[in-house]
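Each chain gets a letter, A, B and so on, in the order the sequences are listed, and its residues count up from 1. Note that these values count all heavy atoms, side chains included, but never hydrogens, waters or copies made by symmetry.
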Amino acid sequence: MAPKNDGSAKRVMNKGAWTAEEDSKLSQYIEIHGAKRWKTIAAKSGLNRCGKSCRLRWLNYLRPNIKRGNISDEEEDLILRLHKLLGNRWSLIAGRLPGRTDNEIKNYWNSHLSKKINQKQKTQEVSTVQETTPQLKSQGMAPMKEEGAKIVGSSEPTFDVNEFFDFSAEGSSGLEWVNKFLELDEDQWFTDKR
DNA sequence: AACGAAGTCAACCGCTAATTT
DNA sequence: GAAATTAGCGGTTGACTTCGT
């Protein structure tokens with residue numbers, strides 16, 4: 001679908017890093033008018049930015065109660081466990097970590113955790129293949145290299161969570177089912193960590 | 001001190017889903 | 001119900017910083 005030509009299409013928007021002045025303008029506008037209708041916010045706040053850019057800036061940096069940096073061990077554990085459960089559903093994972101944004105968690109995963117997991121996975125794969133291959137061969141099956149890799153550190157969960165859980169019935173911050181699942185998973189988790 | 005490689009993270013892009021007209 | 005608009009998501013990029021040589 002083609003966007004309406006409102007006369008602003010040819011206007012060159014600012015890109016790149018936000019300045020303190022831009023942050024201030026955006027914060028002030030949202031404080032008065034609320035964080036709705038980003039296109040309008042972008043147009044009326046005096047920022048030469050697109051609505052998308054304003055929304056991202058607000059959600060990731062300017063909104064209240066944002067935590068920055070220093071992800072604790074507890075938070076890291078939770079991210080690992082939620083990723084194991086949900087895959088790359090960063091916004092859902094972020095919903096369980098107050099003050100954290102999906103972008104931050106995604107970055108943290110890509111720069112820190114994926115490496116940790118790859119290392120762990122490599123060591124596990126060696127032992128798993130050694131243990132399972134003779135048995136699988138005897139059953140006429142190939143070693144499950146791909147499937148095995150999905151257990152930890154893949155971008156997809158090992159099952160379709162939508163088939164198991166009705167996301168439409170859950171608020172983003174009230175995912176009771178996650179806690180239940182994690183409680184169920186707790187024994188296994190601490191067994192893994194020992 | 002200088003340089004390149006690797007790591008980090010803010011921001012953009014493309015797409016889909018949800019909502020409004 | 002269809003079209004248009006808006007919101008939101010995840011993947012990717014690129015500028016900047018840190019580290020190693």
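- By the side-chain hydrogen bond (donor to acceptor under 3.5 Å, both in side chains) test, W18(A) is found to be paired with S53(A), residues two or more places apart in sequence or in another chain being considered.
- In this structure, CG in L47(A) is found 9.0 Å from CG in D23(A), a value given to the nearest 0.5 Å.
- I105(A) and L78(A) fall within a single hydrophobic cluster, where Ile, Leu, Val, Met, Phe, Trp and Tyr side chains are chained together by heavy-atom contacts under 4.5 Å.
- Taking atom CG on L92(A) and atom P on dC9(C), their separation rounds to 8 Å, with Å as the unit.
- How far CZ of R49(A) is from NZ of K25(A): 11.0 Å, rounded to the nearest 0.5 Å.
- Interatomic distance, CG of N107(A) versus CG of D102(A), reported as 9.5 Å (0.5 Å rounding).
- The side chain of H112(A) lies closest to dC9(B) when the candidates are dA7(C), dG10(C), dC9(B).
- The distance from atom CZ of R89(A) to atom P of dA17(B) is 12 Å, rounded to the nearest whole Å.
- In the region residues 49-57 of chain A, proximity to DNA chain C at under 4.0 angstrom, judged on heavy atoms, holds for K52(A), R55(A).
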Could you tabulate the donor-acceptor pairs under 3.5 Å formed by side-chain atoms of residues 59-67 of chain A, not counting sequence neighbours?
{"unit_1": "R63(A)", "atom_1": "NE", "unit_2": "L59(A)", "atom_2": "O", "d": "2.7"}
{"unit_1": "R63(A)", "atom_1": "NH2", "unit_2": "L59(A)", "atom_2": "O", "d": "3.4"}
{"unit_1": "K67(A)", "atom_1": "NZ", "unit_2": "E75(A)", "atom_2": "OE2", "d": "3.2"}

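- Applying the side-chain contact (heavy atoms from CB on, under 4.5 Å) rule to S111(A) yields no partners; only residues at least two apart in sequence or on another chain are considered.
- The interatomic distance linking L62(A) (CG) with dA11(B) (P) rounds to 9 Å, in whole Å.
- Between R68(A) and dA10(B) there is a side-chain N or O to OP1 or OP2 distance below 4.0 Å.
- Put simply, CG on N103(A) and OH on Y108(A) are 15.5 Å apart, with the number rounded to the nearest 0.5 Å.
- Rounded to whole angstrom, the span from the CH2 atom of W58(A) across to the P atom of dG8(C) amounts to 13 Å.
- Closest of all the heavy-atom pairs between A42(A) and G51(A) is CB-N, 3.7 Å.
- For W90(A) and dG11(C), the shortest distance from a side-chain N or O to OP1 or OP2 is below 4.0 Å.
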Provide a list of protein-nucleic acid N or O atom pairs under 3.5 angstrom, restricted to nucleotides 12-14 of chain C.
none

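- Looking only at side-chain heavy atoms (C-beta outward), E76(A) and L113(A) come within less than 4.5 Å of each other.
- In this structure, the OH atom of Y108(A) is 21 Å from the C1' atom of dG11(C), given to the nearest Å.
- I71(A) contributes atom CD1, which lies 5.0 Å from atom CD of E104(A) (distance to the nearest 0.5 angstrom).
- Rounding to whole angstrom units, NZ of residue K15(A) and C1' of dC13(B) are separated by 8 Å.
- Looking at R37(A) and I41(A), their side chains never come closer than 4.5 Å, going by heavy atoms from C-beta outward.
- Counting to the nearest Å, the P atom of dA10(B) and the CZ atom of R100(A) are 11 Å from each other.
- The side chain of Y61(A) contributes an N or O atom lying less than 4.0 Å from OP1 or OP2 of dA10(B).
- Of the residues in residues 20-28 of chain A, not one comes within less than 4.0 Å of DNA chain B through any heavy atom.
- Rounding to whole angstrom units, CD of residue E104(A) and P of dC9(C) are separated by 16 Å.
- Comparing atom distances between the D102(A) side chain and each of dT20(B), dG11(C), dC9(C) picks out dC9(C) as nearest.
- Side chain of R37(A), nearest nucleotide from dA11(B), dT8(B), dT20(B): dT20(B).
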